[in-house]
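One structure is given below, represented as structure tokens, and several questions about it will come after.
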Amino acid sequence: MAPKEKDCSNKTSSGKATVRTKSKSPAVSPTTLGDLPDKLLEHILVRVASPVWLARAAATCKRWRRIVANDNFPFHMDHRLPNPVAGHYHSRRRPDGRDRSSRLITFVPSSSAAALGVDARRHFSLDFLPGGRSSWELVDSHGSLLLLAATSSTRRRGHRRRLFPDLVVCEPVTRLYKLIPRMEEMKHQRCLGVFLQGYLTSSSSNRSSIMSSLRVICVVYIEYSGVSDGMGTVRACVFDPNGSNSWKPRPRSACWYMFKPSWNMAKRGIHLRGSEHARLLGHAAGAVFWAIGGDDTLLVLDKRRTEFEVLRLPGSVRASELRAIVDGGNGDNDGKLRVVCLDEENVVRVFATWRGQHSNGEWVLQKSLRLEESTMGLAGYKAGRGGAAMVVAAATAGSVVLAPVEEMTWMFSVDLETMEIAECKEV
């Protein structure tokens, strides 16, 4: 009989073994390393930063030594395992339809999650957040971290206008979270978007420091005083839990601060005609994009430099037709973008353009598709569905998911390379 493996996961920090006792409480016990399957533990061990640390990990217990000593363990950097994707979080409308403004956060596991033995409900639940998951709205993510806004502070009673929210950053697997109170002096300003950034520090390999290796940017609209038509500008409010990072300026302590625009940005000026004309399009090539209705322009935020710029759209494109901006799909960080447009006749057009050092201001039409005719062969098609007003339910580098505004239960995807259409049961 093989000797019983010693598992290091049931020891306290003092080295003493803990004794599990039966509890009458129905609460689920916390997840430990001992609960992880071997395949998932291998994915963790292969990512230690140094061979010395790997040797120390192998000396921790018999189980870890067996995994590291396995002939198939990928020791070399060029043989390392690809990052496994356990799944994705989705913000969905409540099925009862009683409150259209509130949404339900659900985790949809990937096909590889089952192969790794991951229990989606147990490992990725958000029930540990203060007030429960229904008290928060998912707004952004970075790696294993989620950024959520308090539902009570994102909208005024009876209004759809979003204000500067209270936030929380969490890591569902470790059930760690950090509350980020709103910037009090900006609490009545309209919020155009909140975004999460991560950056490397000397201690980023420590899981407890992951919550400090981040930066939060809240873009607010500030209306000019004494100017008609709601004219105003945008500013970036930054939260840094470390009190200093690789970006400047550096605050003295962990707090919100207003990022000072560069001389070039201050000279150009960012002037908008009301926050209601700014519509978020998405993230791509290290930037965030908004369509500015009425002016037929794009508002762009470079997240690393925290700089804004306004780009004029080509004459053949109107801001009201813009639906999504995604990465060009080359994976070489060349700044290539794909812009998805949908006009009043439900014709989808896909343009290619560039930003950064490769930008020349040119928009190249790559593909086009008339939805009224192309959706006729789909299951669930009804007369008039393909010609109804459409909304983008999801967008990635390779495809977009569309659905009629008045009937979100019927969805279909459009492949941006081939323009092939397929029905979707889930986003």
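Index from 1, following the sequence. Not measured: the values here are computed from a predicted model.
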| Are the side chain of K367 and the backbone of E417 linked by a donor-acceptor contact shorter than 3.5 Å? | yes

| said: With heavy-atom distances below 4.5 Å as the criterion, would you say the side chains of I222 and Q189 are in contact? | reply: yes

| side chain to side chain contact (heavy atoms under 4.5 Å, CB included) between L147 and L214, worked out | CA-CA 11 Å; L147 177 65; L214 57 90; over 6 Å; no

| said: Looking at E372 and N346, would you say the former's side chain and the latter's main chain have a donor-acceptor pair under 3.5 Å? | reply: no

| task | Can you see which heavy atom on E307 is nearest to which on S262, and at what distance? | result | OE1-OG, 2.7 Å

| Does the side chain of F164 reach to within under 4.5 Å of the side chain of C237, using non-hydrogen atoms? | yes

| field | Exam field: side chain D296 to backbone A319, donor-acceptor pair closer than 3.5 Å | value | yes

| message | Are the side chains of H277 and Y221 in contact, using a 4.5 Å heavy-atom criterion? | response | no

| query | Can you tell me if D302 uses its side chain to pair, donor with acceptor, with the backbone of A287 under 3.5 Å? | reply | no

| query | In terms of the angle between their ring planes, are F107 and F124 parallel, tilted or perpendicular, with boundaries placed at 30° and 60°? | reply | parallel

| Backbone N or O of L301 within a donor-acceptor pair of the W290 side chain at under 3.5 Å? | no

| request: Hey, could you give me the CZ/OG1 distance between R338 and T396, rounded to the nearest 0.5 Å? | output: 9.0 Å

| said: For a 4.5 angstrom cut-off between non-hydrogen side-chain atoms, does L337 reach F289? | reply: yes

| field | NZ/NE/NH1/NH2 to OD/OE distance under 4.0 Å, R182 and E184 | value | yes

| Which atoms form the tightest heavy-atom contact between I217 and Q197, and what is the distance? | CD1-OE1, 3.3 Å

| task | Output all residues satisfying ring-ring contact (aromatic ring centres under 6.0 Å, His included) with F128, sequence neighbours left out; order by chain, then residue number. | result | none

| Side chains of E362 and W354: does their closest heavy-atom pair fall under 4.5 Å? | no

| task | Take F239 and M183, measure what side chain to side chain contact (heavy atoms under 4.5 Å, CB included) needs, and give me the verdict at the end. | result | CA-CA 9 Å; F239 179 87; M183 190 175 183; over 6 Å; no

| No-hydrogen, no-angle side-chain donor-acceptor test under 3.5 Å, D127 and S125 | yes

| What pairs meet the salt bridge (charged side-chain N to carboxylate O under 4.0 Å, His left out) rule with one or both residues in residues 310-323, with sequence neighbours excluded? | E321-R349

| field | Between CD on residue E223 and OG on residue S275, distance to nearest 0.5 Å | value | 8.0 Å

| request: Test side chain to side chain contact (heavy atoms under 4.5 Å, CB included) on S316 and W363 and set out the steps. | output: CA-CA 10 Å; S316 59; W363 287 42; over 6 Å; no

| Going through the checks in order, is the side chain to side chain contact (heavy atoms under 4.5 Å, CB included) test met by L196 and H142? | CA-CA 6 Å; L196 179 64; H142 179 85; 3.9 Å; yes

| message | Restricting to non-hydrogen atoms, name the atom on W410 and the atom on A379 that form the minimum distance, rounded to 0.1 Å. | response | NE1-O, 3.2 Å

| query | Looking at residues at least two apart in the chain, or sitting in another chain, which of them share a ring-ring contact (aromatic ring centres under 6.0 Å, His included) with F308? | reply | none

| At what distance, to the nearest 0.5 angstrom, does OG of S368 lie from CE of M419? | 6.5 Å

| field | 4.5 Å side-chain heavy-atom contact, V400 and V348 | value | no

| query | Roughly how far apart are L45 CG and W64 CH2, rounded to 0.5 Å? | reply | 6.0 Å

| said: With heavy-atom distances below 4.5 Å as the criterion, would you say the side chains of L148 and Y89 are in contact? | reply: no

| If you look at every heavy atom in H283 and K303, which pair is closest and at what distance? | ND1-NZ, 3.3 Å

| Can you tell me how far the CG atom of L313 sits from the OG1 atom of T297, to the nearest 0.5 Å? | 6.5 Å

| Are the side chains of P130 and Y177 in touch, meaning some heavy atoms are under 4.5 Å apart? | yes

| query | Is the backbone N or O of S135 less than 3.5 Å from a side-chain atom of T151, with the two atoms forming a donor-acceptor pair by type? | reply | yes

| request: Could you grab the distance from atom CD1 of I292 to atom CG of L272, nearest 0.5 Å is fine? | output: 5.0 Å

| Nearest non-hydrogen partners of A236 and T306, listed with the distance | CB-CG2, 3.6 Å

| note | Nearest heavy-atom contact between Y257 and R215 is OH-NH1, 4.4 Å

